[in-house]
Participant: 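One structure coming up, written as structure tokens, with questions to follow.
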Amino acid sequence: MVDEILDQQILPDMQTLAESSAHLANAAEQMCRPGVSPLREAYAQAFDAWIRVSHLRFGPSEVENRAFALAFWPDSRGKIPKTLAAHLRKADPALLSDAKFAQSSIAGRGFYALEFFYFSPEDIGAEPSEFTCGLTRAIARDIAKNSEAIYQDWLSGYATQMREAQGRYANESEVKQELYKALNTGLQVLSDMRLGRPLGAFDKPRPKRAEAWRSGRSLHHILLSLDALKQLALSLSAKDPALAERLEQGFDRVLARAEALDDPRLEGVADPQKRFRIEALQQQVNDLRTLIEAELGPSLGVLAGFNSLDGD
Amino acid sequence: MTTRRSFLTGLAASGFLPQVSWADVGTPAFLTAGRDRQGHFVLVGLSGAGAPLFRHQLPGRGHAAAGHPTRPEAVAFARRPGQFAEVIDCRSGTILTRLTPPSGHHFYGHGCFSPDGTRLFTTENDYDNARGVIGIWEVGTSGYRRIGSFSSGGIGPHDLLLRNGAQGPQLVVANGGIETHPDSGRAKLNLATMQSNLSLLSLSGQLLEQVTLPTDLRLNSIRHLTLASDGTIGFAMQWQGDAGQGHPIVGLHRSGGYLQLLAEGDPRLHNLNGYGGSLAFSADGAEIAVTSPRGGVVQVMNTQSGEIVREHQLADVCGLSSGRSHLIASTGQGHICQLTPKGSTLLHQDEIAWDNHLIALPQL
């Protein structure tokens, strides 16, 4: 089970993240005008690759703030545009060196920062200039370096630690529990953040809280993440074919409903006619979570007590 | 069941009986929230031996409670992001009144009274502004009245207790540092920048002292508190980052702002799973214990050496109280246990799953 998850999901997906991020850095080096399609395409591929692994928040991604530097999200206090606008005002060329940039605020780094330059430069006061170009290149190089560092750590030992249940894992059960936790966290992020934040309350929907709405990627991220989580859930439940089948059906229902929304920015949260379909999607994700906690957790030796299930 | 007494005290929501005190017989030793077999969320008064004396159904899942210093009444708080707090007559379990936070706030689940019992303080989330708030309630003979609030000194204030400092009473606040919003359930919105702190405030909200953890422990959320008789504050943390090596979960704040993190480097910290649920000093203050429902364990540490003295394995354990002579723990499996150096002894088993905290009430 663990080998399969490593060899067919985590390692190839981390490799894709590293390679597509390197490609993004190259593309950013060669072009700067944000509307240029090869650049947008490179950005989309690398961002896709990140979303597919964004639930794997343990080990290499957590070293030196790498994951936070790739993805400052959610940005509930609007720190990204503030940080970027400040960078642009100061226009300090020293910031653009890799070493200096890696020390700068994580709110000004990563995929969500780059989105402002490529899709709504006016929100951060970005005018076409040498410094603006230099800053987008510095962000892209920083993404590439962090992605490569994560991948290299997986290759150089972390995958072996999980495979052999060594180091921080006392036994195979702890490895499975780590993966189970990643699945749960991914579904919680999907329900509470990717869907819950834009849904807000019925009388106060928050469409501008949808993830990456500027680039129209909100629904796309939901689909990418559902697909990655589905594969992880199926691998974790492989020893119980009946459960695996129910999980597969559950994920397929959620995927079908999400695709049918046909609403890239989740703007429907503010339309009473469409909102209920997004709420229904969230409910289905929660049903999946309930099924996973009730049946998959115990089969992997995860305590599902009244107090141990979630914290306060 | 409407007894004459509960009928009267129900009416007395606006007419509390000031002459009644904890010296009245039959008041419980502990209060705890729980969930019964039908799935109802309840507040239960327990005897010193862990036997239920009364049960009161709550509108939602409860969390902690605070006992009034002189009157036999207590306030039971909703689990976050709940919006109710029930004032209970502890002789009967009857509800006297229900408190609701101002619009745009929710309770975090903890609160405490001023020493004279004329004020109740509650930890709250002013969620659209991501601001931690201490709500102030006037406690009169005619009931509870909201009279204001002040900053908690951080984001996500959770546990709150009263401490007698050299300059008079002060509030100790565990600002967990984590931003949440009811729209996104219990999801953590600011892990990239979170910073927890322990704040000491005057009863009027003046920040007297604030301590934060070292940068490498930025992702440790200070959540629960306990107090020793010499004024030492014990705090329990919840690690929000990668599991990896065992991070410290228990710390002490001694007068002068000196922080001591316990059991640092001990591999057994790993058994806590990065999560401290409740903590309590031993009656003599020589030891401090922490529960971890995720690890199914209680660890007892020496407050001088900081070392782990022993562990008690207890599935789904979370509630903990000093007890008169020995620590008392409660579990999600309905157990109330006494913990001694020799091991744990079951005092009572119930069909109710006991929730996070076991709150000791004033005893005379």
Participant: Measuring from atom OG1 of B:T193 to atom CZ of A:R77, what distance do you get when rounded to the nearest 0.5 angstrom?
Facilitator: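 Going from OG1 on B:T193 over to CZ on A:R77, the span is 10.0 Å.
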
Participant: Could you check whether B:R61 pairs with A:D312 (Lys NZ or Arg NE/NH1/NH2 to Asp/Glu carboxylate O, under 4.0 Å)?
Facilitator: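 No, this pair does not count.
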
Participant: For B:Q313, does the CD atom have more than 12 heavy-atom neighbours from other residues, nucleotides or ligands under 6.0 Å away?
Facilitator: yes

Participant: Measuring from atom CD of B:E179 to atom OG of A:S76, what distance do you get when rounded to the nearest 0.5 angstrom?
Facilitator: 3.0 Å

Participant: Answer with side chain, backbone, both or neither: which region of A:F58 has an atom nearer than 4.5 Å to a non-hydrogen atom of chain B?
Facilitator: both

Participant: Specify which of A:G200, A:A69, A:S61 makes the most heavy-atom pairs with chain B at under 4.5 Å.
Facilitator: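 Most heavy-atom pairs within the cutoff with chain B belong to A:G200.
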
Participant: Do other residues, nucleotides or ligands put more than 12 heavy atoms under 6.0 Å from A:E172 CD?
Facilitator: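 For A:E172, atom CD is not crowded (no more than 12 foreign heavy atoms under 6.0 Å).
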
Participant: For a quick test of reading the model, state the closest non-hydrogen atom pair linking A:N307 to B:W354 and the distance between them.
Facilitator: ND2-O, 3.0 Å

Participant: Taking only Lys NZ, Arg NE, NH1 and NH2, and the carboxylate oxygens of Asp or Glu, determine whether A:D192 and B:K188 approach each other closer than 4.0 Å.
Facilitator: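 Judged by the 4.0 Å cut-off on N to carboxylate O distance, A:D192 and B:K188 do not form a salt bridge.
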
Participant: With salt bridge (charged side-chain N to carboxylate O under 4.0 Å, His left out) as the criterion, how do B:D183 and A:K204 come out once you've worked through the C-alpha distance, each side chain's angles and the decisive distance to 0.1 Å?
Facilitator: CA-CA 10 Å; B:D183 287 354; A:K204 207 175 179 184; over 6 Å; no

Participant: To the closest 0.5 Å, what do you measure between CZ (A:F306) and CD1 (B:I352)?
Facilitator: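 If we round to the nearest 0.5 Å, A:F306:CZ and B:I352:CD1 are 10.5 Å apart.
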
Participant: For B:S221, is it the side chain, the backbone, both, or neither that has a heavy atom closer than 4.5 Å to a heavy atom of chain A?
Facilitator: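 B:S221 has no heavy atom closer than 4.5 Å to chain A.
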
Participant: Heavy-atom distances under 4.5 Å only: say whether B:D216 touches chain A with side chain, backbone, both or neither.
Facilitator: neither

Participant: Quick check on A:N65 against chain B: is it the side chain, the backbone, both or neither that has a heavy atom closer than 4.5 Å?
Facilitator: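 The side chain, not the backbone.
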
Participant: Roughly how far, to the nearest 0.5 Å, is CE of A:M193 from CG of B:L189?
Facilitator: 6.0 Å

Participant: Drop me the distance from B:S184's OG to A:R194's CZ, to the nearest 0.5 angstrom.
Facilitator: 13.5 Å

Participant: Is A:L199 in contact with chain B via its backbone, its side chain, both, or neither, using a 4.5 Å heavy-atom distance?
Facilitator: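 No part of A:L199 comes within 4.5 Å of chain B.
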
Participant: Can you tell which part of B:L191 gets under 4.5 Å to a heavy atom of chain A, answering side chain, backbone, both or neither?
Facilitator: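 Both backbone and side chain.
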
Participant: Check whether any side-chain heavy atom of B:D242 lies under 4.5 Å from a side-chain heavy atom of A:R168, and answer yes or no.
Facilitator: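 With C-beta onward as the side chain, the pair touches.
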
Participant: Of the backbone (N, CA, C, O) and the side chain (C-beta and beyond), which part of A:E174 lies under 4.5 Å from a heavy atom of chain B, both, or neither?
Facilitator: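 Side chain only.
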
Participant: May I ask you to decide whether B:D128 forms a salt bridge with A:R206, counting only side-chain N to carboxylate O separations under 4.0 Å?
Facilitator: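 A salt bridge is present here (some side-chain N lies under 4.0 Å from a carboxylate O).
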
Participant: Using non-hydrogen atoms and a 4.5 Å limit, figure out which bit of B:R223 sits close to chain A: side chain, backbone, both or neither.
Facilitator: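 Just its side chain gets close to chain A.
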
Participant: Could you tell me which non-hydrogen atom of A:S308 sits nearest to which non-hydrogen atom of B:R294, and how far apart they are?
Facilitator: O-CG, 3.7 Å

